[in-house]
Amino acid sequence: VQLSEAAAQIVDAGRWLDARGWAPATAGNCSVLLDSGRIAITVSGRHKGRMTADDVMVVDGDGSPIDDRRPSAETPLHAAMYRLDTSLGAVVHTHSVVSTVLGRVLGRGEPDRGAAIDLEGYEQLKALRGVSTHEGVVSVPVFDNTQDVASLARTVEERWRGRPYVGYLIRGHGLYTWGTTMQDALNAVETLEFLLTCELERRKLGS
Ligand SMILES: [Zn+2]
């Protein structure tokens, strides 16, 4: 993917997230891996529903900016995903209500495997990459929120090496997920937002 195409995909993705209320104010961010190995990512502090191509910038594979603009504060989390899975082409982060709330109240897992929300019994699970049946469990890790993004990126990488996952939640903060293309990543966002909403509704019913 070239920069102009990546920027167009990121601008469209921002509008799509904003239309669903999944990136309030200037929250959320998106990136696309470029053919050069660099990363196209949203500039820090821009409203995702009102971006133009100028609100997309380029960082190195390690997340360092290549011009004097400031990329999203969470750029190291994007760079980590492209390192962990070389098939990935896009990473998307939302601050939806459900992804913000669920990580605060659920996912207190056993200490040895870390906190996670286990999704099971949903037909929609099959929309996730690598899932071919509604049987089985899809485990979404939940990490503690921190302003030390480099440290969070290390936690994400450590958990991945134990067992790769389809996305993760940061407590009281939001969702990260990804795909081989931007469309693939947005499908993962839509599917996980749907499944997490189902899980929230199920818990509210006390079942
Ligand atoms: Zn965030």
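One-based numbering, in listed order, for ligands and for the atoms of each. Hydrogens, waters and symmetry mates play no part in the numbers below; they use all other heavy atoms, side chains included.
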I need the protein N, O or S atoms closer than 2.8 Å to the Zn ion (ligand 1), given as residue plus atom name. E74 OE2, H93 NE2, H95 NE2, H173 NE2
With S99 via side chain to side chain donor-acceptor pair (under 3.5 Å) - residues at least two apart: S96
Who pairs with E74 by side chain to side chain donor-acceptor pair (under 3.5 Å), at least two apart in sequence or on another chain? H93, H173, Y176
Kindly determine whether E157 and R83 satisfy side-chain contact (heavy atoms from CB on, under 4.5 Å), including the steps that lead there. CA-CA 9 Å; E157 299 205 36; R83 274 198 304 277; 2.7 Å; yes
Euclidean distance, L195 CG relative to L200 CG, rounded to 0.5 Å: 12.5 Å
Over all heavy atoms of both residues, which pair between A115 and R159 is shortest? Give the atoms and the distance, please. O-NH2, 3.1 Å
In short, salt bridge (charged side-chain N to carboxylate O under 4.0 Å, His left out) pairs touching residues 30-43 with sequence neighbours left out are R38-D60
